[in-house]
Amino acid sequence: MTDEHGQEQDREQLKTFADEWMSHTLEELLGDEGVLALRKFEGAADSLWATAITMKLATDEQILSALATRFRLKLADFGQGERAAREIVPEQVARRYHILPLRVTDSYLEIAAANPFDLDCEKTLAFATGREVRVLLASPERIRDKLEELYRPENVIDKLLEGMGETEVTHVEDDNLDLDELNISAEAASERPVVRLVDLILSEGILSRASDIHIEPEEGGVAVRYRIDGVLRQVMKVPRAAGIPLISRLKIISSLDIADRRRPQDGRARVAINGVPVDLRVSTLPASLGEKVVIRVLDTRRTVLSFEALGLNQSEQQSVEELLESRDGIILVTGPTGSGKTTTLYSALRYVQTEGVNIVTVEDPVEYRMQGVVQVQVHEKAGLTFASALRSILRQDPDVVLVGEIRDAETAAIAIQAALTGHLVLSTLHTNDAPNAVTRLLDIGVEGFKIATALRGIVAQRLMRLLCKSCKEVGVESIPTKLRRWVPPETPLYRAVGCDECAQTGYHGRFSIVEVLRVTPEVERCIAANETADKIADAALAGGMKTLWYSGLDHVLRGDSTLDELLRVVDVPQDEAAADGGRRKTASPKRESGSAETRRATDPGTSEPSFDGAFELLEPVADAPGPEITDGQERRLPAKVLLVDDEDQLRRVMRDLLERDGYTVIEARDGVEALDQVDRHGPDIIVLDLNLPGLDGYGVLSNLRSRHGTDHIPVVVLTARGDEESEVRVFEFGADDFLSKPFRARALSARLDAVLRRTRRAG
């Protein structure tokens with residue numbers, strides 16, 4: 001009895017370990033006495049595995065082999081580790097669970113672990129990465145050594161250089177570069193690791209669709225950031241010791257003076273990524289912690305110079321193309337730096353370029369080389385300024401002249417003079433919107449009457465990010481109160497999610513939103529009278545200009561982008577003009593929601609409805625006559641109208657119009673509901689939209705005409721398609737009348753009145 005009690009006390013004193021799951025395997029490998037020795041060992045660690053190695057009772061290979069055989073586990077191969085796997089697993093997580101990420105695909109993450117049965121680790125990684133976790137077996141010591149090797153600060157450059165063999169980067173030297181002046185500095189910055197690091201930064205940035213690459217010295221190192229789709233994203237941070245030769249290397253390939261670190265410098269370089277040449281524009285700026293370098297990537301492969309590629313709405317593209325039909329005058333593109341002005345100008349050149357048109361440009365710098373266009377590079381040190389180049393260009397018999405930017409009074413005066421003497425001049429200004437471009441020219445010193453005579457139009461522009469088509473989904477978040485007035489009820493709005501295709505950002509690519517100011521007679525009068533920008537804006541809005549806000553809102557309502565992105569790019573309108581929808585008194589903003597046939601909205605804040613696009617109010621509602629049905633001198637009761645349309649706002653507007661005229665109105669949102677309302681209420685006449693969810697307008701017409709009780713009900717078809725084929729087709733299906741959009745307010749009542757008269761007389 002005493003012996004049993006003593007043995008029980010001995011068992012209680014034996015040490016237990018965190019990896020007790022492997023005790024049975026060790027018993028088979030070491031025997032019961034071996035495991036008992038591990039538990040009694042005074043210097044035992046928290047791990048059976050580590051204690052067995054310390055006591056030299058087994059080797060890592062023996063334990064790995066025994067565990068792999070017993071649990072049918074695969075052994076990890078550290079030579080197959082991928083950088084992509086380590087990027088999605090933070091260092092803190094790897095160290096916490098003592099695991100090493102090895103490989104990653106769209107569906108699974110492969111890790112090396114000493115404990116393949118750590119469910120907490122597996123769940124955490126699965127949740128964080130959205131992938132199935134596959135565990136391979138490795139020894140704790142090998143994992144520990146590998147973690148220290150990979151996450152050691154001095155090995156950052158080695159990590160960054162992994163995978164460089166996949167991309168071929170070569171530098172295309174300038175034939176005029178005098179290398180003798182740079183030999184000493186080049187020797188210091190041409191060591192192989194630095195060259196490979198620069199090649200990595202350039203190739204990764206270009207292949208990631210970056211428009212700019214920022215190299216920024218900061219405390220503790222040098223940050224590398226890519227501007228992708230207009231937003232900066234930090235991709236790496238190199239030690240400060242590697243930052244100085246990195247910047248020197250960039251200055252060498254762009255032909256800059258690497259010994260001069262106190263003055264800003266601008267240069268150019270050309271590299272070939274996998275054999276494809278890409279132009280780089282390099283700018284340096286002295287800062288407190290060292291030189292900052294910004295590289296503008298001019299990749300002609302990704303830049304399609306056409307209005308379709310800009311992503312303009314159809315009406316916006318048509319407005320710009322109509323401006324370019326002018327044979328003379330000046331057209332300005334405005335916006336901040338990075339808003340796509342140059343791309344729009346080049347797209348305009350492509351549009352007007354034909355064999356019989358002589359096009360000359362003066363730019364600083366020449367960003368894209370265009371076949372068939374004479375392009376002049378400004379060189380101020382040599383005396384070739386915008387003004388002097390423009391004077392010479394006008395003696396070269398040009399038809400179209402592109403001036404990169406109007407910076408001073410002299411350039412503005414010559415450009416205006418060229419526009420007044422039979423040339424079409426395209427140029428840019430840095431202003432926030434289109435109307436302020438006029439005041440900017442006035443500030444420079446150009447007379448108002450000359451601007452009014454020469455100016456044909458102004459295009460203000462911004463760039464918005466495009467939602468990733470692979471992962472975007474309908475958002476369920478509530479719309480902020482300040483934005484509800486702009487979003488029609490039940491309009492689906494999308495949100496950015498993030499996937500591998502878009503680098504977890506939710507966006508992939510960008511499109512242009514524009515504000516096109518056309519110089520109407522009223523706008524011209526305001527400019528000539530030196531009116532303020534607000535007065536010019538009022539005249540432009542009355543002439544049909546749509547503001548940047550509404551251009552972006554159109555895309556949001558169509559599902560191209562998000563409200564958050566719209567707010568990032570433009571401000572919410574606050575003035576009365578904005579509440580008027582961007583079209584004073586007569587129209588509201590274009591809101592393209594659903595199909596192309598149903599683009600309309602009501603005018604917030606007013607009792608009088610207004611429309612745009614597919615449904616437009618072309619005159620005051622108050623002028624509409626009362627449509628009580630009369631036959632000769634006989635007065636009849638108001639008719640009962642069934643309105644069938646899937647757009648709530650459009651039905652509401654038409655209902656208000658008809659109820660003011662005394663009609664009784666019934667509503668239906670789709671074809672099936674329309675047939676149900678016909679059976680319930682027996683309407684005197686039906687206003688039917690063709691584009692309906694489920695059962696469309698043609699199906700409703702066919703059903704009505706095939707039933708004895710409904711074949712006599714007159715139907716007026718309402719559609720945005722006013723072509724002959726559509727008109728013939730609706731009559732073939734049995735429609736009594738056809739009303740295309742847009743139409744005047746009185747037209748709807750008048751058509752209903754006329755159809756009802758004919759029906760009553762025929763009856």
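Atom set for the values below is all heavy atoms of this structure, side chains included, hydrogens, waters and symmetry mates excluded. Computed from a predicted structure; not experimentally measured.
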Practice problem: Test side-chain contact (heavy atoms from CB on, under 4.5 Å) on Ile444 and Ile406 and set out the steps. | Solution: CA-CA 9 Å; Ile444 288 177; Ile406 295 179; 4.2 Å; yes

Interatomic distance, [X] atom [atom1] to [Y] atom [atom2] [nearest 0.5 angstrom]:
| X | Y | atom1 | atom2 | answer |
| --- | --- | --- | --- | --- |
| Leu553 | Lys546 | CG | NZ | 9.0 Å |
| Leu548 | Asp433 | CG | CG | 7.5 Å |
| Arg655 | Arg660 | CZ | CZ | 11.5 Å |
| Leu493 | Arg558 | CG | CZ | 13.5 Å |
| Arg456 | Leu324 | CZ | CG | 12.5 Å |
| Leu566 | Asp560 | CG | CG | 12.0 Å |

Do the side chain of [X] and the main chain of [Y] share a donor and acceptor less than 3.5 angstrom apart?
| X | Y | answer |
| --- | --- | --- |
| Arg227 | Ile213 | no |
| Thr411 | Asp408 | no |
| Lys341 | Leu332 | no |
| Glu515 | Ala434 | yes |

Quiz item: Does a sphere of radius 6.0 Å around CG in Asp571 hold more than 12 heavy atoms from other residues, nucleotides or ligands, not counting ones at 6.0 Å or beyond?
Solution: no

Self-check item: Heavy atoms from other residues, nucleotides or ligands near CZ of Arg233 exceed 12 (cutoff 6.0 Å)
Solution: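 It does: Arg233 CZ has more than 12 such atoms within range.
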
Quiz prompt | Criterion side-chain contact (heavy atoms from CB on, under 4.5 Å) against His508, the qualifying member of Arg465, Lys469, Arg209 | solution = Arg209

Quiz item: Quick one: which of Leu323, Ile458, Leu345 gives a side-chain contact (heavy atoms from CB on, under 4.5 Å) with Ile331?
Solution: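 It is Leu323, the one option of Leu323, Ile458, Leu345 that forms the side-chain contact (heavy atoms from CB on, under 4.5 Å) with Ile331.
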
Practice problem: Would you kindly check if the NZ (Lys) or CZ (Arg) of Arg407 is within the cone defined by 45 degrees around the ring axis of Phe386 and under 6.0 Å from the six-membered ring centre? | Solution: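 Geometry flag: not set, cation outside 6.0 Å or 45°.
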
Quiz prompt | Note, Ile536 side chain near Ile527 side chain (heavy atom, < 4.5 Å) | solution = yes

Quiz item: Can you list the residues that meet the salt bridge (Lys or Arg N to Asp or Glu O under 4.0 Å) rule with Arg440, with sequence neighbours excluded?
Solution: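 So Arg440 forms no salt bridge (Lys or Arg N to Asp or Glu O under 4.0 Å) with any residue.
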
Quiz item: Does the pair Asp645 and Arg651 meet the rule for a salt bridge (charged side-chain N to carboxylate O under 4.0 Å, His left out), with working shown?
Solution: CA-CA 6 Å; Asp645 198 289; Arg651 290 199 319 276; 5.7 Å; no

Quiz prompt | ring pair (Phe, Tyr, Trp, His ring centres under 6.0 Å) partners for Tyr351, two or more places apart | solution = Phe307

Quiz prompt | Salt-bridge present (Asp646, Arg669; N to O < 4.0 Å) | solution = no

Self-check item: Electrostatic pair Arg518:Glu322 at N-O distance under 4.0 angstrom
Solution: yes

Is the closest side-chain donor-acceptor distance between [X] and [Y] under 3.5 Å?
| X | Y | answer |
| --- | --- | --- |
| Glu522 | Thr520 | no |
| Gln317 | Glu321 | yes |
| Thr334 | Gln461 | no |
| His430 | Glu405 | yes |

Please tabulate, for side-chain N and O atoms in residues 495-505, each donor-acceptor pair with protein atoms closer than 3.5 Å (sequence neighbours left out).
unit_1: Arg495; atom_1: NE; unit_2: Glu473; atom_2: OE2; d: 3.1
unit_1: Arg495; atom_1: NH2; unit_2: Glu473; atom_2: OE2; d: 2.4
unit_1: Asp500; atom_1: OD1; unit_2: Arg131; atom_2: NH2; d: 3.2
unit_1: Asp500; atom_1: OD1; unit_2: Gln504; atom_2: NE2; d: 3.1
unit_1: Asp500; atom_1: OD2; unit_2: Arg131; atom_2: NH2; d: 3.0
unit_1: Gln504; atom_1: NE2; unit_2: Cys499; atom_2: O; d: 3.4
unit_1: Thr505; atom_1: OG1; unit_2: Cys502; atom_2: O; d: 2.7
unit_1: Thr505; atom_1: OG1; unit_2: Tyr507; atom_2: N; d: 3.2
unit_1: Thr505; atom_1: OG1; unit_2: Tyr507; atom_2: O; d: 3.1

